[in-house]
Asks: 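Quick one: the structure is below, and I'll ask about it shortly.
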Amino acid sequence: AITTHERATGLLTVNAIDAYNPVKKATLVAPQRLRLALNWSIPFRAGDTVVLRHQVHGSNVFRLTNCGNVAVRDVTVHAAPGMALLVVRCRDIVVERFRVEPTPGTTRLMSTCADGMHFAECRGSIVIRDCEMRAMGDDCVNVHGAFLTVVDRPDDRTLVVDRPDHRAFAKGDLPPKGEHFGVVDRMSLDLLGEPDIVGAEPGRYEKLQFAGDLPAAAKAGDLVYDADEAPQVTIAHCRFPGNRARGILTHRNTLIERCAFANQSHAAILVLSEASSPEGPTVRNVTVAHNDIRNTGRIGRPGGAIQVAGLSVGEDGKVRFAPEPVNAGVRIIGNTIVDAGTSAVEIGESHDVTVASNRIERR
């Protein structure tokens, strides 16, 4: 991946070059001189300060898998060819005073090549307090479950599902008996039903067996998710002074309060339902309250400093905005938003929404 940065601030340049997988070949032609053969033309200019990420999702500093009742406190991460903290299928996590930043006194422009914190398929509660993250190559905090794709429906109580990356399922990946699942129409993001699991089998695909008959409309191509993988998330009193991508990306049961965001290249807060992404589920019960958000959307693409959206997949396979409201229970209250990109608050495909008492300024 390649990005252009301001040398003085370390931030991505306004309307930055931000390219993934652009390099066909890299050749060391002399000491400290690298020649890149590119897959397409990129409009570099002489004098640009460029960061090359040779790995984006390489090694992470901390990875927690299948853990419970974990506290991570008073940690500083300066660099990693991946994420600072990756948490997968864990329960009840507290993260306090966790810092991600380039080593002070150096000229380094990036801390981690990917996210500061990433939580996938967790449950129980996640509490993130008094943390500070800057200069990452991706989001500060990302919290999500997993969408699986239906490949077959052998009978009225069985679904065969695949991962987006097509990895085989191991025994440790299987949901416990009694888990509550959701079945979602890929083309509308409508919830078709919420059956309970009675059994699961691993393999190239995962076979899910349900207690009762599945919704009649459920078919190959639709999405399923484990509805119990929706922890109560609190992110409070944190500081995110600048990074590539978003400040926080979340989906469900989240309170973001009294945090400070600045200089994100994209949205400060993105709340998203997206059928084409492995990260689900659809949006429910998210509150964004009393935060200070400044100078976001530096890369110049459409989108709000706070953005709520729903993206489905049409019959032609192309991503589009969902045809009906699919997100619910969003509260945006008492925030200060200064010098947003193209808009301060952008909401689509949603119902049961409150936007109140926010202060929006352009300086």
Asks: Please confirm whether the backbone N or O of N142 pairs with a side-chain atom of D139, one donor and one acceptor, at under 3.5 Å?
Replies: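 Here the side-chain-to-backbone pair does not exist.
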Asks: Could you tell me which non-hydrogen atom of M136 sits nearest to which non-hydrogen atom of S111, and how far apart they are?
Replies: N-OG, 3.5 Å
Asks: Do L11 and R298 have side-chain heavy atoms sitting under 4.5 Å apart?
Replies: yes
Asks: Decide yes or no for M133 and V141: does some side-chain heavy atom of the first lie under 4.5 Å from some side-chain heavy atom of the second?
Replies: yes
Asks: Can a donor-acceptor pair be found, under 3.5 Å and without considering hydrogens, that links the side chain of D173 to the backbone of P202?
Replies: no
Asks: Under the criterion side chain to side chain contact (heavy atoms under 4.5 Å, CB included), which of V51, I299, L109 is the partner of T3?
Replies: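 Going through the options one by one, the only one that passes is V51.
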Asks: Taking the cut-offs as 6.0 angstrom to the six-membered ring centre and 45 degrees off its axis, would you call R163 and F169 a cation-pi pair?
Replies: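 The answer is yes; both the distance and angle limits are met.
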Asks: Can you check whether I347's main-chain N or O pairs, donor with acceptor, with S350's side chain at less than 3.5 Å?
Replies: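 Absent.
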Asks: Counting N and O atoms only, with roles assigned by atom type, does the side chain of E274 sit under 3.5 Å from a partner on the main chain of T282, one being a donor and the other an acceptor?
Replies: no
Asks: Using the six-membered ring wherever Trp is involved, compare the ring planes of F62 and F98 and label them parallel, tilted or perpendicular (cut-offs 30° and 60°).
Replies: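 Geometry flag for F98 against F62: perpendicular rings.
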Asks: Is the backbone N or O of A262 less than 3.5 Å from a side-chain atom of Q264, with the two atoms forming a donor-acceptor pair by type?
Replies: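 Yes: the side chain of Q264 pairs with the backbone of A262.
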Asks: Quick one: are N66 and C90 in side-chain contact, heavy atoms under 4.5 Å?
Replies: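 The answer is no; the side chains never approach within 4.5 Å.
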Asks: Less than 4.5 Å apart, any side-chain heavy atom of L208 and any of T158?
Replies: no
Asks: Members other than L52 in its cluster, when Ile, Leu, Val, Met, Phe, Trp, Tyr link by side-chain heavy atoms under 4.5 Å?
Replies: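 Besides L52, the cluster holds I2, I17, V23, L34, L36, L38, W40, I42, F44, V50.
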Asks: Report the hydrophobic cluster partners of V184, with the cluster defined as I, L, V, M, F, W, Y residues connected by side-chain heavy atoms closer than 4.5 angstrom, directly or transitively.
Replies: F147, L189, L191, L223, Y225, V326
Asks: Which one of N295, N243, T9 satisfies the side chain to side chain donor-acceptor pair (under 3.5 Å) criterion with N263?
Replies: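 It is N295, the one option of N295, N243, T9 that forms the side chain to side chain donor-acceptor pair (under 3.5 Å) with N263.
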Asks: Output the rest of the hydrophobic cluster of V151: all Ile, Leu, Val, Met, Phe, Trp and Tyr residues reachable through side-chain heavy-atom contacts under 4.5 Å, sorted by chain and number.
Replies: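 Cluster partners of V151: V160, Y205.
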Asks: For T13, enumerate each residue passing the side chain to side chain contact (heavy atoms under 4.5 Å, CB included) test, keeping only those at least two apart in sequence or located in another chain.
Replies: T4, E6, A16
Asks: List the atom of E179, the atom of P176, and the distance in Å for their closest heavy-atom pair.
Replies: CG-O, 3.0 Å
Asks: Heavy atoms, side chains only, cut-off 4.5 Å: are Q232 and I126 in contact?
Replies: no
Asks: Could you see if L255 belongs to whatever hydrophobic cluster contains V127? Use Ile, Leu, Val, Met, Phe, Trp, Tyr and a side-chain cutoff under 4.5 Å.
Replies: no
Asks: For H118, does its backbone N or O pair with a side-chain atom of D115 as donor and acceptor, under 3.5 Å?
Replies: no
Asks: Could you pull out the closest heavy-atom pair between S312 and P323, with the gap in Å?
Replies: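 Scanning both residues, the minimum pair turns out to be OG-CD, 3.8 Å.
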Asks: Would you tell me whether H78 and T76 have side-chain atoms, one donor and one acceptor, within less than 3.5 Å of each other?
Replies: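 No, no side-chain donor-acceptor contact under 3.5 Å.
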Asks: For a quick test of your reading: what N or O donor-acceptor pairs under 3.5 Å do the side chains of residues 211-218 make, sequence neighbours left out?
Replies:
residue	atom	partner	partner atom	Å
D213	OD1	R157	NE	3.0

Asks: Using a 3.5 Å distance criterion without hydrogens, assess whether the side chain of D190 forms a donor-acceptor pair with backbone atoms of L192.
Replies: no
Asks: Using the rule that two of Ile, Leu, Val, Met, Phe, Trp, Tyr join whenever any of their side-chain heavy atoms come within less than 4.5 Å, decide whether V308 and V353 are in one cluster.
Replies: yes
Asks: Which residues satisfy the side chain to side chain contact (heavy atoms under 4.5 Å, CB included) test with R91, sequence neighbours excluded?
Replies: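 R91 satisfies side chain to side chain contact (heavy atoms under 4.5 Å, CB included) with R123 once adjacent residues are dropped.
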Asks: List in chain and number order the residues that pass side chain to side chain contact (heavy atoms under 4.5 Å, CB included) with T65, two or more places apart in sequence or in another chain; answer none if no residue qualifies.
Replies: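 Side chain to side chain contact (heavy atoms under 4.5 Å, CB included) check on T65 returns R63, V88, R89.
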Asks: Transitive ILVMFWY cluster of V29 at side-chain heavy atoms under 4.5 Å: who else is in it?
Replies: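 For V29, no cluster forms, as it stays isolated from other hydrophobic side chains.
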Asks: How close do H237 and C259 get, heavy atom to heavy atom, and via which atoms?
Replies: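 Scanning both residues, the minimum pair turns out to be N-SG, 3.7 Å.
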Asks: For E229 and A146, which heavy atoms make the closest approach, and how far apart are they?
Replies: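 Scanning both residues completely, I find the closest heavy atoms to be OE1-N, 4.4 Å.
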Asks: Do the side chains of R134 and E132 get close enough for a salt bridge, i.e. N-O under 4.0 angstrom?
Replies: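 Salt bridge flag = yes for E132 with R134.
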Asks: What's the shortest heavy-atom distance between D130 and R239, and which atoms?
Replies: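 Looks like O-NH2, 4.0 Å.
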Asks: Hey, is NZ on K207 packed in by over 12 heavy atoms from elsewhere, all under 6.0 Å?
Replies: no
Asks: Report, one line per pair, each donor and acceptor closer than 3.5 Å where one atom sits in a side chain of residues 53-61; sequence neighbours left out.
Replies:
residue	atom	partner	partner atom	Å
R53	NH1	Y20	OH	3.4
R53	NH1	C113	O	2.8
R53	NH1	G137	O	3.1
N60	OD1	M83	N	2.8

Asks: Can I get a per-line list of side-chain donor-acceptor pairs under 3.5 Å for residues 329-337, giving both atom names and the distance, sequence neighbours left out?
Replies:
residue	atom	partner	partner atom	Å
R331	NH1	D352	O	2.9
R331	NH1	D352	OD1	3.4
R331	NH2	D352	OD1	3.0
R331	NH2	D352	OD2	3.4
N335	OD1	H290	N	3.2
N335	OD1	N291	N	2.9
N335	OD1	N291	ND2	3.0
N335	ND2	V288	O	3.0
N335	ND2	I333	O	3.3
N335	ND2	N358	OD1	3.0

Asks: Restricting to ring pair (Phe, Tyr, Trp, His ring centres under 6.0 Å), what partner residues turn up for H251, sequence neighbours left out?
Replies: none
Asks: So, using side chain to side chain contact (heavy atoms under 4.5 Å, CB included) as the criterion, who are the partners of R362 when residues are at least two apart?
Replies: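 Checked R362 against side chain to side chain contact (heavy atoms under 4.5 Å, CB included); matches are D339.
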